[in-house]
Amino acid sequence: MSDQLDIAYIAGLFDGEGCITYKQYMRKRKGQKKAYPTWSIRMEIAMTDKSVLIWLHEVLGVGTLGEKRYRTKYTVGWKKQWRWRCQFRDAYQVARLFWPYAHVKMEGIQKIIDHYGEHKVMNGNVVDLEHYKLWMSVE
């Protein structure tokens, strides 16, 4: 990760322009007869200035960056938007970075942090945060 000033700036940008999705819903998976509870944990920012999102993506080092596609006839002529987003454990990492600077999105950020905590079960094993970061950097 980068300098704390960059993180503080991005956290402020996220507070004003970002969106947090934290919900559980029932989802029927392919080949399954029964629906199962599934979590959707995501952080994203959409804006027309692609260069800001490229910089944000480079500073945070996680997530994906792509064009936001519109699906209605009413959006014809709208300026193109770009979207950065991260999910699940990456959202946890970003939430921990933003936590000291968050105001508007504090409730959602706290939900993500509380959801993952310091230890989580992954593939039947309890994995601490540092082990997870090391594992993710190898892949």
Inset, instruction - Might you point out which heavy atoms bring Gln24 and Trp39 nearest each other, and give the distance in Å? - result: NE2-NE1, 3.4 Å
Legend entry - For Thr48 against Gln81, the heavy-atom pair lying closest together: CG2-CG, 3.9 Å
Inset, instruction - State, yes or no, whether a side-chain contact exists between Gln87 and Ile41 at a heavy-atom distance under 4.5 Å. - result: no
Legend entry - Heavy-atom side-chain proximity of Trp99 to Ile113 below 4.5 angstrom: yes
Legend entry - Stepwise side-chain contact (heavy atoms from CB on, under 4.5 Å) test for Asp6 and Leu56: CA-CA 9 Å; Asp6 290 342; Leu56 177 150; over 6 Å; no
Inset, instruction - To the nearest 0.5 angstrom, please state how far the CG atom of Leu65 sits from the CH2 atom of Trp84. - result: 10.0 Å
Legend entry - Heavy-atom donor-acceptor pair, His57 side chain to Gly63 backbone, under 3.5 Å: yes
Inset, instruction - Using the test ring-ring contact (aromatic ring centres under 6.0 Å, His included), find all partners of Trp55 that sit at least two apart in sequence or belong to another chain. - result: Tyr9
Inset, instruction - Can you tell me which residue pairs pass the salt bridge (Lys or Arg N to Asp or Glu O under 4.0 Å) test with a partner in residues 99-109, sequence neighbours excluded? - result: Glu107-Lys111
Legend entry - For the student: nearest non-hydrogen atoms of Cys86 and Val94, plus distance: SG-CG2, 4.0 Å
Inset, instruction - Fit a plane to each ring of Tyr22 and His115, take the angle between them on a 0 to 90° scale, and name the class: parallel (under 30°), tilted (30 to 60°) or perpendicular (over 60°). - result: perpendicular
Inset, instruction - Sequence neighbours left out, what pairs pass salt bridge (Lys or Arg N to Asp or Glu O under 4.0 Å) with at least one residue falling in residues 33-53? - result: Arg42-Glu44, Glu44-Arg83, Glu44-Arg85
Legend entry - Contact summary for Ile10 and Phe98, nearest pair of heavy atoms: CG2-CZ, 3.4 Å
Legend entry - Under the side chain to side chain contact (heavy atoms under 4.5 Å, CB included) test, residues paired with Gln32 that sit two or more places apart: Arg29, Tyr36
Inset, instruction - Determine whether Val104 and Tyr101 fall in the same hydrophobic cluster, where Ile, Leu, Val, Met, Phe, Trp and Tyr are linked whenever their side-chain heavy atoms lie under 4.5 Å apart. - result: no
Inset, instruction - List for me each residue that meets salt bridge (charged side-chain N to carboxylate O under 4.0 Å, His left out) alongside Lys68, sequence neighbours excluded, and say none if there are none. - result: none
Inset, instruction - Give the minimum heavy-atom separation between Ile109 and Met43, together with the two atoms involved. - result: CG1-CE, 4.3 Å
Inset, instruction - With sequence neighbours left out, write down each residue that passes ring-ring contact (aromatic ring centres under 6.0 Å, His included) with Phe88, or none if nothing qualifies. - result: none
Legend entry - Straight-line distance of Ile45 CD1 to Leu13 CG, nearest 0.5 Å: 4.5 Å
Inset, instruction - Specify the closest pair of heavy atoms between Lys80 and Trp82, including all atoms of both residues, with the distance to one decimal. - result: CD-CZ2, 3.3 Å
Legend entry - Spacing of Ile112 atom CD1 and Asp90 atom CG [to the nearest 0.5 Å]: 11.0 Å
